[in-house]
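First comes the structure, then the notes that go with it.
Protein chains get the first letters and strands the later ones, always in sequence-line order, with residue 1 at the start of each. No experiment lies behind these values; they were computed from the predicted model shown.
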Protein chains: 4
Amino acid sequence: MAKGRERILDAADELFGELGFDATATRQIAELCGVNKALIHYHFDTKERLFHAVLERYYGRLEQVLVPLAAGEGPVPERMAGLVDGYVDFLRDNHRFSRMLQREIASGRHVEQIVAHMVPAFGVGVATVEAAFPATRGGDLAAPHLLVSFFGMVVTWFAYAPVVRGLLGVDPLAPEQLEAHKRHLLRMLDLVVDALDEDE
Amino acid sequence: MAKGRERILDAADELFGELGFDATATRQIAELCGVNKALIHYHFDTKERLFHAVLERYYGRLEQVLVPLAAGEGPVPERMAGLVDGYVDFLRDNHRFSRMLQREIASGRHVEQIVAHMVPAFGVGVATVEAAFPATRGGDLAAPHLLVSFFGMVVTWFAYAPVVRGLLGVDPLAPEQLEAHKRHLLRMLDLVVDALDEDE
Amino acid sequence: MAKGRERILDAADELFGELGFDATATRQIAELCGVNKALIHYHFDTKERLFHAVLERYYGRLEQVLVPLAAGEGPVPERMAGLVDGYVDFLRDNHRFSRMLQREIASGRHVEQIVAHMVPAFGVGVATVEAAFPATRGGDLAAPHLLVSFFGMVVTWFAYAPVVRGLLGVDPLAPEQLEAHKRHLLRMLDLVVDALDEDE
Amino acid sequence: MAKGRERILDAADELFGELGFDATATRQIAELCGVNKALIHYHFDTKERLFHAVLERYYGRLEQVLVPLAAGEGPVPERMAGLVDGYVDFLRDNHRFSRMLQREIASGRHVEQIVAHMVPAFGVGVATVEAAFPATRGGDLAAPHLLVSFFGMVVTWFAYAPVVRGLLGVDPLAPEQLEAHKRHLLRMLDLVVDALDEDE
DNA sequence: GATGAATGAGCGTTCATTCAT
DNA sequence: AATGAATGAACGCTCATTCAT
């Protein structure tokens, strides 16, 4: 059975994502999913470990989406575009994930867990880009900077949704806006790939 | 007089920046600057308003730095580069500011205050870019997307410092790393400006 | 179970009755009955609601005593005397109740709750007196004034116990003094009933 | 000058009377009369002594009203009626006084001060009644009981104003209601005096 | 006479956690 | 697997009071 466990995870996901780790009380989680507060500790021991489990569930889903895209057989620039595309779609379908990430990273907490998941992905990314464009190693478009910049461009659009909404007057998470931003990101990628090709 | 007020602001800045709003207790702030807990409430009324005052102090400094750069007389691309440069320098010298921003924005709190400061700056930015490159309006390199992307690229490097450190094995906030990233950002800007020039 | 709940109620009764709502700290209540301070909020949510519950318990007891006396079959004057008698006895056995009432009513707080309990009793009282002595309606011995006066005479003896003690040099709550005052009240009632009979 | 002293007393009177001793903060008093909080302590030392001064001012006024009425030359029953009349008028013109009294007496605080003022008045009252109606000494209409009862009847009407308002649906402190209650009290006094005359 | 700054003690309340059942 | 009762620690905040000016 263990139906309670999943319901707790869902409620914790919602509240941690919406309010943040500190601002979420275990009492709220228990109330939201209709179980006793003590049951949370029975299943997850501490609030910290419950948060860990929520993050872990997200990373499981994310890797299921990104690994096939990264491991594809096509040319590198197309796979990079596919990853940007897939990552935007994933954040759109898991809109609380990016906010959770931003908050906790900036808080310096749970960073080990996040880094542990990012390091292998990042390693593969750097290796792939450097294999495709060996001349750029160490240049202004070196793989590590590129990856961080694209990661930043994608995630900022989601994490800053409330700010962007206030600035542009439209909902940055609405489908047409997301598509527009995706086209923008792919164009940026094009510019970079063209520059890398020239450097070659 | 009012020496206590400044000392409280300094301590609040440090703790809010390091731990976040929720994870910082007024008791900690009082202990850090050696004043009585009640004095915080005497000067700032609530913890919320103290945080507000800390942010406000940062925005005061930031505007003092950015406004002259934005209002310069030179060609637009050079002013854009100057702004990227100045913003990176500001975040380097106020390394807690970007983390505070990331956290609170992602938490959806204090967003009104942040937006209130960003809107005018953003408005000027969009108008300036569109005046310099009128053909791009509405395209994949439209001013709003560009601004958000560059803002995201700059701030991510700082806010994700702990992650980047774990990934690269070097301190991303060390002078040489910051310079390298600045060159990367300026190169990205070059690519965009070139593309905009071609579109013209 | 729920042994703690009753012990908290008892301790709250004692301290609210002795010191008043404002002058009683939840910490004191917890210490008096040997439970943790947080348990009070677990069972009663707020200090306000705890006070409410204490009052409610008193009204439950009071109604159990007075309703049978009021609903008796005998002649009205005898039932009035019975009520004075029963009310004095009740206040003697629940000596903190009248002080709590005086204080909170005079403070204008919890008045809704008190009025909610008094209104039906008062309504029955007025109707009964007016049915027995119809000619007095609107006169100087009109039922509402009479009821307030007798209520005032009874309760003042208890609520002003410390003053009366200082004035008379004897304990007004000692059995013989209470009996003397009860005889006084019944004599006052006699005078009124005789006057009402004459007016008829 | 000492203008500040009087303004503090007025503000303290209003707030103590309306909210009670505990529920009134010195900060509120200072804000209400527009002086600095520390000035209260400069003039009155402690909150306790400030309350004492407020009460003292009331007793000064009350004695100025009642002493001439009690010391009159006419027959005792008429002087008793005059006292009831004068006391009702005084409480009407100083409507916060009775609430303050009820509250603090029931709280058992400031009782020494109150008793100190009541004892001489009470002594004179008892002596006068016993001189006029010597046969009643120790009976059911003995002077102490009578005085407490009439004091209770008068003051209850004022102190229980919120309750009476909820019960009767009219404002018990409105002029016509006060007059009606005064007539009621004088009628009660008549009944007692007639009974005392018969006992003679 | 009057003030702004500062304090120590205490407030009601909430927290994550534990435990017996 | 699940619960109601209970706890110790900490929370933001308010209090009457003090003090230097």
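Annotation for F16(C) and V54(C): closest pair CD1-CG2, 4.3 Å, computed over non-hydrogen atoms.
Atom CZ in F16(B) sits roughly 9 Å away from atom P in dG12(F) (whole-Å rounding). What separates CD of E31(B) from C1' of dC11(F) is a distance of 13 Å, to the nearest Å. Put simply, CD1 on I29(D) is 14 Å from C1' on dT17(F), counting in whole angstrom units. Here dA1(F) presents its P atom at 11 Å from CD1 of I8(A), a figure rounded to the nearest Å. Taking atom CG of residue L39(B) and atom P of nucleotide dT14(F), one finds them 14 Å apart after rounding to whole Å. Here dA5(F) presents its P atom at 15 Å from CD1 of I40(C), a figure rounded to the nearest Å. Whole-Å rounding puts the K3(B) NZ to dT7(E) P distance at 10 Å. Counting to the nearest Å, the C1' atom of dA16(F) and the CZ atom of F51(D) are 16 Å from each other.
A centroid separation of less than 6.0 Å is found between the aromatic rings of H110(A) and F51(A). For Y59(B) and F97(B), the ring centers sit closer than 6.0 Å to each other.
With respect to the salt-bridge test (charged N to carboxylate O, under 4.0 angstrom), the residues R103(B) and E104(A) do not qualify. R57(B) and E6(B) are joined by a salt bridge, as a carboxylate oxygen and a charged side-chain nitrogen come within less than 4.0 angstrom of each other. The pair K47(B)-D22(B) does not meet the salt-bridge criterion, since no charged nitrogen lies less than 4.0 angstrom from a carboxylate oxygen.
Checking the phosphate oxygens (OP1, OP2) of dA6(E), no side-chain nitrogen or oxygen of Y42(B) falls inside 4.0 Å. For dG4(E), the OP1/OP2 oxygens have no side-chain nitrogen or oxygen of H43(B) closer than 4.0 Å.
Without hydrogens or angle criteria, R109(D) side chain to F21(D) main chain gives no donor-acceptor distance under 3.5 Å.
Across the strands present, dA20(E) finds its partner in dT3(F); the criterion is a Watson-Crick or G-U wobble pair with both atom distances under 3.5 angstrom.
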Would you list the protein and nucleotides 12-14 of chain E atom pairs, both N or O, that sit under 3.5 Å from each other?
{"residue": "dG12(E)", "atom": "OP1", "partner": "T24(C)", "partner atom": "O", "Å": "3.2"}
{"residue": "dG12(E)", "atom": "OP1", "partner": "K47(C)", "partner atom": "NZ", "Å": "2.9"}
{"residue": "dG12(E)", "atom": "OP2", "partner": "T26(C)", "partner atom": "N", "Å": "2.9"}
{"residue": "dG12(E)", "atom": "OP2", "partner": "T26(C)", "partner atom": "OG1", "Å": "3.1"}
{"residue": "dT13(E)", "atom": "OP2", "partner": "K47(C)", "partner atom": "N", "Å": "2.9"}
{"residue": "dT13(E)", "atom": "O4", "partner": "K37(C)", "partner atom": "NZ", "Å": "2.9"}

